[in-house]
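Excluded from the calculations below are hydrogen atoms, water molecules and symmetry mates; all remaining heavy atoms, backbone and side chain alike, are included.
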Amino acid sequence: MNTPLNVIIACGGTGGHLFPGIAVAQHLRSMGHHPVLLISQKEVDAEASRKYGDLEFHTVQAIAKPPTLSPRMPGFLWKMLRSYLTCRNIIRREKAHAVIGMGGFTSLPPVMAAHYMGLRTFVHDSNAMPGKSNRLTARWCTAVMLGLKEAAAHFPGRTCIVTGTPVREELNHLPSQAEARKRLGLPQDKTVILVTGGSQGARNLNSLLIDAAKADPTVHYLVIAGRQDYDRVNGLAGGAPNISVMGFCSDMPAAYAAADGVIARAGASTLTELSIIGKACFLVPFPFAADDHQTANARVFTEAGAAVMYQQAELTTAIVHEFVHGTIQDTAARTAMENAMRAQAKPDAAMAIAQAITDN
């Protein structure tokens with residue numbers, strides 16, 4: 001085995017950055033290396049640090065960049081400097097050999113600090129349309145790693161490696177559908193549709209799907225509403241026997257395994273997970289995503305026949321029911337979509353990223 005390396009992974013802020021970072025850390029550790037994860041102060045990050053107690057986490061300030069001419073820009077630059085110095089101290093203390101950012105402005109300060117310290121640096125972007133923060137961070141990177149090949153055009157002049165987006169190890173070991181439904185208290189004899197807006201939830205999508213569920217009592221809907229929207233969504237459900245509402249699901253392998261089909265936003269991490277497990281899905285891109293990147297993500301999968309997509313403004317109860325009864329309950333249509341989804345998977349993404357980081 002090569003000499004063990006100390007690797008900093010900046011991955012906090014959202015589940016789409018956090019969980020791929022955890023997957024990379026898990027693989028690096030299995031190779032005998034020492035990963036350290038930098039996360040934000042958000043609850044989603046705190047939850048993960050408690051669940052994955054065998055990994056080493058440090059909290060740093062996550063700073064979203066305001067518009068260039070915003071009066072908040074001086075404050076942003078000051079916070080960026082403080083974060084840069086904090087990350088520099090962590091890198092020195094951990095004797096890091098390399099730093100990778102998994103996306104967002106949590107990645108910029110540690111990557112920049114590591115670059116000026118002469119270390120190997122990387123950024124990973126999961127989306128078909130990369131974010132502005134990653135396009136900026138790439139200036140200080142040895143190489144850019146991509147979840148989808150379509151993103152390469154947005155990093156001109158940079159070394160790009162298409163690795164796919166990693167998923168947590170537990171998603172490779174799903175329980176049986178019967179066991180999953182038993183764990184979550186779901187019926188064994190009904191079609192089950194999982195509704196998830198990702199780690200942040202999705203207020204408008206939740207409302208639309210509760211209406212659809214109430215009009216479809218023969219199908220059971222499991223709605224992961226997000227912690228902040230749980231009380232409202234649970235109230236909207238009104239105790240309907242075919243609707244289960246959760247604020248947060250700490251057992252996503254069971255949620256995926258229990259479901260016959262999935263209705264979700266089109267975040268890159270969610271799409272990666274769905275491709276690994278091969279679930280037929282109905283995608284509703286978040287309409288206010290930066291650069292409409294979720295629509296770009298969804299288009300990659302819909303063009304491959306792996307999903308259907310509707311914009312939130314187009315969504316109706318009838319359209320949802322057509323997906324459930326016309327695709328999920330049609331064995332041939334559902335199987336075709338599941339196979340197309342599996343064809344999009346890159347199950348060795350964590351290994352590819354770990355090897356690129358540790359390759360001398």
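The pair D45-K42 does not count as a salt bridge, with every side-chain nitrogen at least 4.0 angstrom from each carboxylate oxygen. The pair K51-E47 does not meet the salt-bridge criterion, since no charged nitrogen lies less than 4.0 angstrom from a carboxylate oxygen. Using a 4.0 Å cut-off between charged nitrogen and carboxylate oxygen, R181 and D260 count as a salt-bridge pair. Using a 4.0 Å cut-off between charged nitrogen and carboxylate oxygen, R168 and E273 count as a salt-bridge pair.
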Please table the atom pairs, donor to acceptor, closer than 3.5 Å between any side-chain atom in residues 150-159 and protein atoms at least two apart or in another chain.
from	atom 1	to	atom 2	distance (Å)
R158	NE	A138	O	3.2
R158	NH2	A138	O	3.1
R158	NH2	C141	O	2.8

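Note that CG of L274 and CG of L171 are 9.5 Å apart. Values are rounded to the nearest 0.5 Å. Atoms CG and CE, from D125 and M145 in turn, are 12.5 Å apart once rounded to the nearest 0.5 Å. Rounding to the nearest 0.5 angstrom, the gap separating the CD atom in E314 from the OG1 atom in T316 is 9.5 Å. One distance of note links CD of Q311 with CD of Q294; it measures 10.0 Å at 0.5 Å rounding. For the atom pair E322 CD and T327 OG1, the distance stands at 6.5 Å (nearest 0.5 Å).
Qualifying side-chain contact (heavy atoms from CB on, under 4.5 Å) partners for E303, counting only residues two or more places apart in sequence or in other chains: R299. Residues that satisfy the side-chain contact (heavy atoms from CB on, under 4.5 Å) test with P175, not counting sequence neighbours, are E179, A180, R183, P253, A254, A257.
Checking side-chain atoms of T142 against main-chain N and O of F122 turns up no donor-acceptor pair under 3.5 Å. A distance-only check finds no donor-acceptor pair linking the side chain of K279 to the backbone of M341 [under 3.5 Å].
By the 4.5 Å heavy-atom criterion applied to side chains, M309 and P285 are counted as neighbours.
Using cut-offs of 30° and 60° for the angle between ring planes, the F282 and F323 rings count as perpendicular.
Side-chain contact of N339 with R342: a donor-acceptor pair under 3.5 Å is present, judged by distance alone.
No more than 12 heavy-atom neighbours from other residues, nucleotides or ligands sit within 6.0 angstrom of NZ on K79. Counting non-hydrogen atoms of other residues, nucleotides and ligands closer than 6.0 Å to OH of Y310 gives a total of 12 or fewer.
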